[in-house]
Protein chains: 2
Amino acid sequence: MPRKTIADVARVAGVSKSTVSRVLGGKTRYMRAETRERVLQAINTLGYRPSVVARSLVSKRTQTVGLLISDIGNPFYHEVIRGVEDVAVAHDYSIFFCNTNYDPARSRQHFHSLVDKQVDGVLFMASGDYSSWTLDEAAQHALPLVLVDWNVEDAPPQSLLSKITLNFVPGIHEAIAHLVSLGHTRIAHVSGPHTLATARKRKQAFLDAMEKHGLDAAQAPVIEGDLRVAGGRQALGAILEIAPRPTAVLAANDLTALGLLWEARNRDISVPEQLSIVGLDDITLASQVTPALTTVSLPRYDLGKIAMQLLLEMLQSGECFTRRVDTRLVIRQSTAPSPA
Amino acid sequence: MPRKTIADVARVAGVSKSTVSRVLGGKTRYMRAETRERVLQAINTLGYRPSVVARSLVSKRTQTVGLLISDIGNPFYHEVIRGVEDVAVAHDYSIFFCNTNYDPARSRQHFHSLVDKQVDGVLFMASGDYSSWTLDEAAQHALPLVLVDWNVEDAPPQSLLSKITLNFVPGIHEAIAHLVSLGHTRIAHVSGPHTLATARKRKQAFLDAMEKHGLDAAQAPVIEGDLRVAGGRQALGAILEIAPRPTAVLAANDLTALGLLWEARNRDISVPEQLSIVGLDDITLASQVTPALTTVSLPRYDLGKIAMQLLLEMLQSGECFTRRVDTRLVIRQSTAPSPA
DNA sequence: TCGGTTTCTGAAACCGATTTCATTATGCCA
DNA sequence: TGGCATAATGAAATCGGTTTCAGAAACCGA
């Protein structure tokens, strides 16, 4: 039993395909109500559903977008994805999910597949695996792109691209202010890999905030982590060896902070009494662990929503946009007055 | 600059569309090598890529599958998704990602969208939001389905559906055996919502294992949780009020176990000295927390791989399959000899 | 040289929708 | 009652591919 087509509906309703197509598209301005009813009837009795594929062929729109992320295992993305998805569902768009696995080659393969499948646009959130080919090829195919947390200056001229930048400054400044107000002066930072632009941005915000609060940024210990729990655990060891020992740590993300927290527990260093820990992201887990994590909150759900909304606006208007998403501090139980 | 078409290639190569189509499809059996070369040349110089949309219209294949899950925030899914995606990428399939959010209405909307977009098959992993309409509609559209962890007996006759069942029995039996060997006799279970079939299955496996080890299953405390951290935290309170107090708990999943763990920490009950905790799933976090979680491991990455492979096999052969995925115990630090 | 295979290629139909353009009804006014 | 907008519908082209079918070219044995 093959799929019902518009021709079947037309036959049953006793009208032409054009007429059926019109009621499908809502172009019912010049149409007898009775005719429309007959068509609707036929559609119902047949259980007809129009073929998106056929429609896409002529309309050149697929009601589909691509979502490229680096790592589904990273909790940072979960809320983002939810945000993207909620907006997509509300506008009847579908999402091609692409996990690049931090692999540029795979990233590229995915991108080509998206082009071939004629997605209407792409959300590029795999900030690590960026190469300029992406922008060139997107421009070449006139494919609208939304870039999250990329610093792009060399975009091809006629490219359709919108950017969302993450502003870590306010949240990190608040965090340092909070620690300083608790009497901390020896504050360390566990950063992400220096190869990542986003890690460098966070670190710089940390150094600036230290400077601003009259602390010697040049002397502030910075340990390079990997944005994961394991890196946090290792970093704790390094921190304990610094003399004089820091009384507070700002981690580049929550996973790192959790690594610090759990390793501290392992070594019988009590948090927050002996060591205050501040995370960054505010992943779901942050509020669920004990002690709950004080952290710089990045509104990830909103980020996802904004990204998808931006894409939809681009699709409608053909214009490009830039947005900024701010951070702020959420105080919980992992920070306390300095023991010093 | 509109997209290049097969006609452009044909013109440049000085051949007909049919010929170009043949080299595209590899049907080059009766073709002069020189002709094929000319076509390849033209494809290259034009940077031509065939339109998947147009191709799908005639082939009725979209090289696309739908993936329905209930909650992207649930770490259970991450590895599963990775498994699915790895197989999909390897076979040049794309994935429509659908988060049902535990909402049957949304689940249905997603399903319809997938049908409209003519996916080649669907992986249904949103076990909670099951209703029989799914099977009926899938059968009606001859849409191949893979069901994970569903008990389905009333499938429509000609439906193309494969099933993967999760076998919790061996892992849970091992867990109870492990606890018993540590001297525990008062063992509680924090289950998932009894409305979920999968929660009932786990609970039953727990009761059977108790029975098998000579413990009184009828007396074993079972507390209903919600498969999340919050539920675990609450359940701990309930457990502490039971007299005589249980010395060990088997949680229905790792999130619940983590909730137990963190709430225990909150109330100064030391794990595992005073209370042994066993999780289920072996999410990534389980091995990263302190103390690391003893847990019944469900091979989630493999599960994802198997599911996608099964779908591909169905697509090829038109046959249906059933698979079973087993569990086993992973012993870490959250279990210790009974204090009693 | 001829008829019959075997290679090789192109014209045209088709997939299932949309859209343009033309045509037929209908209503209204002189 | 004729003429002319305006309303309502259908025929056919189109989107970008694949596939069928038929015809041309080359080859081969008699």
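Just so we're on the same page: letters track the sequence lines, and every chain starts at 1.
- Results of the side-chain contact (heavy atoms from CB on, under 4.5 Å) test with B:Leu303 over B:Asp149, B:Val84, B:Val148 single out B:Val148 as the only residue that passes.
- For the pair A:Arg38 CZ and D:dT9 C1', the interatomic distance rounds to 11 Å; values are reported in whole Å.
- Between the A:Thr100 side chain and the A:Ile69 main chain, a donor and an acceptor come within less than 3.5 Å of each other.
- Contact between the side-chain N/O atoms of A:Lys60 and the OP1/OP2 oxygens of D:dG16 is found at a separation under 4.0 Å.
- Contact check, A:Ser21 against C:dT18: a side-chain N or O comes under 4.0 Å of OP1 or OP2.
- Taking the ring-ring contact (aromatic ring centres under 6.0 Å, His included) definition, one finds that A:Phe96 meets it with B:Phe96, sequence neighbours left out.
- For A:Thr62, the side-chain contact (heavy atoms from CB on, under 4.5 Å) criterion is met by A:Ser56, A:Thr64, A:Gln118, A:Asp120, B:Val53, not counting sequence neighbours.
- Atoms CG and CD, on B:Leu315 and B:Gln63 in that order, are 8.5 Å from each other to the nearest 0.5 Å.
- Here the P atom of nucleotide D:dG16 and the CD atom of A:Gln118 are 8 Å apart, to the nearest Å.
- For the pair B:Leu145/B:Leu160, no side-chain contact is recorded, criterion being any heavy-atom separation below 4.5 Å from C-beta on.
- For B:His110, the ring-ring contact (aromatic ring centres under 6.0 Å, His included) test picks out no residue, with sequence neighbours left out.
- The salt bridge (Lys or Arg N to Asp or Glu O under 4.0 Å) pairs that include a residue from residues 48-62 of chain B are A:Asp116-B:Arg49, where partners are two or more places apart or lie in different chains.
- The distance between atom CG of B:Asp8 and atom C1' of D:dG17, rounded to the nearest whole Å, is 13 Å.
- Residue B:Ile6 contributes atom CD1, which lies 12 Å from atom C1' of D:dT19 at whole-angstrom precision.
- Counting only heavy atoms from C-beta on, B:Leu57 has its side chain closest to C:dG16 among D:dT19, C:dG16, D:dG17.
- We find that CZ of A:Arg61 is positioned 15 Å from P of C:dT18, with the value rounded to whole Å.
- Helix bend of the helix from C:dT1-D:dA30 to C:dA30-D:dT1: the angle between its two end axes, each built from five pairs, comes to 60° after rounding to 10°.
- If you run ring pair (Phe, Tyr, Trp, His ring centres under 6.0 Å) between B:Phe97 and each of A:Phe97, A:Tyr93, A:Tyr77, only A:Phe97 comes through.
- Mapping B:Val58 and A:Arg55 onto DNA chain C via the closest heavy atom, the residue that lands nearer the 5' end is B:Val58.
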Which protein N or O atoms sit under 3.5 Å from an N or O of nucleotides 7-11 of chain C?
unit_1, atom_1, unit_2, atom_2, d
C:dT9, OP1, B:Thr35, OG1, 2.4
C:dT9, OP2, B:Arg32, N, 3.2
C:dG10, OP2, B:Ser16, N, 3.0
C:dG10, OP2, B:Ser16, OG, 3.2
C:dG10, OP2, B:Thr19, OG1, 2.7
C:dG10, O6, B:Arg22, NH2, 2.5
C:dA11, N7, B:Ser18, OG, 3.4
C:dA11, N6, B:Ser18, OG, 2.9

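- Atom CZ in A:Arg3 sits roughly 17 Å away from atom C1' in C:dC14 (whole-Å rounding).
- Spacing between atom CG of A:Leu24 and atom C1' of C:dT18 amounts to 10 Å, rounded to whole angstrom units.
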